[in-house]
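Just follow the structure's listing: the first ligand is 1, and inside any ligand the first atom is 1.
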Amino acid sequence: MTTKPVYIVLLGPPGSGKGTQADILQERLGLPHVASGDLFRYNLKNKTPLGLKAKSYMDRGDLVPDDITIAMVLDRLARPDCARGAILDGFPRTIAQAEALDAALADKGLAIDRAVNFVVPDAVIVERITGRRICPVCGATYHVTFNPPKDDNRCDRDGAELYQRDDDKPETVRNRLKVYRELTAPLVDYYRAKAVLVEIDGNRPIEAVTEALLQALQGLLA
Ligand code: ADP
Ligand code: ADP
């Protein structure tokens, strides 16, 4: 018997810990971490037509248009490694994206199983984002104070020198938070109405958030 694929959506403002937790969940649950931001950055780095289209929006901290974003993520979800489902991080970010995702899943008799909203105050968000550092090789996320690498500014996994994302500068972060409030926050009510929403206090140490998250997902995976 094949088991039904499981889809978990991680919601929350930029910097709320979605990527950090998705990485841990990927290991624990064996489901792929599908991050729209990572897909865009991969395309940007490789100068693909998609990356070039997305660049100006990302530089400003605006959302990339829905049609481009939806096509990119649905294409990713159709790949063989997503046959058992996926952990979605950073997508959907608008009601139109959520509806397109629901429609694509419904076509296969599937649906989102859980949407987890990480609640973190704005002041903490800014501190987290400005201290965020990324590995250019494997995409691992660190924080200069809250989650530093073992070796000064080098990735624990592969030793590559960490970098700061261009859009993690304070001016862009302010716009990203505004965009979040206007376009993405309404998704909390969208998923609440579908009775799949779980809210988690994300303003705690990484391990405590993981524990709450695993509890919220209990029963989803055999
Ligand atoms: P964060 O980790 O801070 O939440 P992401 O890495 O998810 O940020 O996204 C970085 C940028 O990529 C966004 O500011 C936006 O320009 C673009 N992006 C990512 N996901 C989406 C999406 N679902 N819809 C539109 N744009 C997106
Ligand atoms: P998102 O994917 O939601 O944008 P990230 O997972 O990239 O968020 O986290 C943003 C920054 O905050 C990163 O530098 C990360 O190391 C750090 N961080 C993540 N979770 C926590 C936490 N629970 N406590 C303190 N810092 C955290």
Can you find an N/O atom of Gly61 closer than 3.5 Å to an N/O atom of ligand 1?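 By distance alone, the answer is no.
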What protein heavy atom sits nearest [atom], and how far off is it?
atom: atom 14 (O) of ligand 2; answer: Tyr142 O, 2.7 Å
atom: atom 15 (C) of ligand 2; answer: Thr20 OG1, 3.7 Å
atom: atom 18 (N) of ligand 2; answer: Arg128 CD, 4.0 Å

Under a 4.0 angstrom heavy-atom cut-off, which atoms of ligand 1 come close to Thr69?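 Counting atoms of ligand 1 from 1, those under 4.0 Å from Thr69 are 22 (C), 23 (N), 24 (N), 25 (C).
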For ligand 1, which atoms, with element, lie under 4.0 Å from some heavy atom of Arg41?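 Heavy-atom distances to Arg41 below 4.0 Å select 6 (O), 10 (C).
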Among [options], which one has a heavy atom closest to [atom]?
atom: atom 7 (O) of ligand 2; options: Gln21, Arg132, Arg133; result: Arg132
atom: atom 26 (N) of ligand 1; options: Ile70, Val64, Leu88; result: Val64
atom: atom 4 (O) of ligand 1; options: Arg176, Met58, Arg93; result: Arg93

Have a look at ligand 1 and work out which part of Asp38, if any, has a heavy atom under 4.0 Å from it: side chain, backbone, both or neither. neither
Would you mind telling me if ligand 1 is within reach of the side chain of Arg60, the backbone, both or neither, using heavy atoms under 4.0 Å? neither
For salt bridge (Lys or Arg N to Asp or Glu O under 4.0 Å), just list the numbers for Asp81 and Arg76, CA-CA rounded to whole Å, side-chain angles, deciding distance to a tenth of an Å, and then say yes or no. CA-CA 9 Å; Asp81 66 316; Arg76 175 71 189 85; 2.7 Å; yes
Within the structure, is a non-hydrogen atom of Pro14 found at a distance of less than 4.0 Å from ligand 2? yes
Salt bridge check: are Arg133 and Asp168 linked by an N-O gap of less than 4.0 Å?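 A salt bridge is absent here (no side-chain N lies under 4.0 Å from a carboxylate O).
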